[in-house]
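Just follow the structure's listing: the first ligand is 1, and inside any ligand the first atom is 1. As a basis for the values below, the full set of heavy atoms in this structure was taken, side chains included, without hydrogen atoms, waters or symmetry mates. In this text, all values refer to a predicted model and were calculated from it rather than measured experimentally.
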Amino acid sequence: MEKTPSYFVTKEAPSRLCAMNCDTKLIVVVRDPVTRAVSDYTQTRTKSPGLQSFQTLVFKNSSLGVIDTSWSAVRIGMYAQHLENWLQHFPLSSFLFVSGERLVSDPAGEVGRVQDFLGLKRIVSNKHFYFNQTKGFPCLKKPEGSSRPRCLGKSKGRTHPHIPTDVLQKLREFYRPFNRKFYQMSGLDFGWD
Ligand SMILES: Nc1ncnc2c1ncn2[C@@H]1O[C@H](COP(=O)(O)OS(=O)(=O)O)[C@@H](OP(=O)(O)O)[C@H]1O
């Protein structure tokens, strides 16, 4: 098993992976691309505190409101385009799409789907999670080999900066056709718009 978010958006990844093993099972965690873009920006800004504002980076031309698709924070969320590339090499049945939103609201349910997809016994269930009020996210009650609860690290679940509503709205409109196409291709409606 291996994971990195960049596989999904790397042009050469599907052909290379298929050359290695075309029966590989593929799990893709997707969340609302607007929130994803802000999350991505938040992450980059942590590493480069002098980074320009989100609204400066997201537009190619702010007066015309043209979204800059060359900005990776935007490009990665164009899921339909990336999936199209993967479907040249892998059948849809090789994929499990995990909802990033449900991973937070119902972690056991989403992990249950992962276990089924991988042909594993449903070992992880509701009883393994609790909602940590301080973190604001679900955490593991008792990870294997430890007697103490464990949440994901500080870099997961950071507070996002405030982005003006009209900017988010423009981005939401931009993503709508890509989202619709992604729902069609995957056969799943993630309800992002
Ligand atoms: N249980 C739990 N605890 C903490 N965080 C959770 C959890 N479940 C999902 N998330 C969401 O995971 C987001 C970070 O994941 P990334 O995809 O950025 O991770 S990575 O790219 O693989 O490093 C992170 O995004 P941000 O909120 O933008 O930080 C979280 O919203």
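Under a 4.0 Å criterion applied to the non-hydrogen atoms of S39, ligand 1 contributes the atoms 25 (O), 26 (P), 28 (O). Ligand 1 places these atoms under 4.0 Å from at least one heavy atom of H160: 26 (P), 27 (O), 28 (O).
Within a 4.0 Å radius of atom 12 (O) of ligand 1, the protein contributes no non-hydrogen atoms. Atom 27 (O) of ligand 1 is flagged as protein-proximal [any protein heavy atom, distance under 4.0 Å].
Taking atom 19 (O) of ligand 1 as the reference point, the nearest protein heavy-atom neighbour is K156 NZ, 2.9 Å. For atom 7 (C) of ligand 1, the closest heavy atom belonging to the protein is F137 CD2, 3.6 Å. The closest protein non-hydrogen atom to atom 21 (O) of ligand 1 is P5 CG, 3.5 Å. In terms of protein heavy-atom proximity, atom 9 (C) of ligand 1 is nearest to V104 CG2, 3.5 Å. Scanning the protein heavy atoms around atom 22 (O) of ligand 1, the nearest turns out to be K3 NZ, 2.7 Å. Nearest non-hydrogen protein atom to atom 25 (O) of ligand 1 is R31 NH1, 3.0 Å.
Taking the six-membered ring wherever Trp is involved, the centroid distance between the rings of F131 and F137 does not fall below 6.0 Å. A distance of 6.0 Å or more separates the ring centres of W86 and Y79.
S53 and T56 share a donor-acceptor pair across their side chains, judged by distance under 3.5 Å alone. For the 3.5 Å distance criterion, the side chains of Q43 and R158 qualify, holding a donor opposite an acceptor.
Below 3.5 Å of separation, one finds no N or O of K135 facing any N or O of ligand 1. Here's the thing with G157: one of its N/O atoms is less than 3.5 angstrom from an N/O atom of ligand 1. Note: an N/O pair closer than 3.5 Å links P138 and ligand 1 by distance alone.
Taking 4.5 Å as the limit, some side-chain heavy atom of V111 sits within range of a side-chain heavy atom of Q115. At a threshold of 4.5 Å between non-hydrogen side-chain atoms, the residues R172 and D32 count as touching. Considering only heavy atoms from C-beta on, V98 stays 4.5 Å or farther from V30 through its side chain. In this structure the side chain of F174 reaches within 4.5 angstrom of the side chain of V74, judged on heavy atoms.
In terms of modelled atom types and a separation under 3.5 Å, the side chain of T10 and the main chain of E12 share no donor-acceptor contact. With K25 contributing its side chain and F95 its backbone, the two residues share no donor-acceptor pair below 3.5 Å.
Neither the backbone nor the side chain of Q43 comes within contact range of ligand 1; no heavy atom lies under 4.0 Å.
In this structure, R36 has no heavy atom closer than 4.0 Å to ligand 1. Not close to ligand 1: T42, with no non-hydrogen atom less than 4.0 angstrom away.
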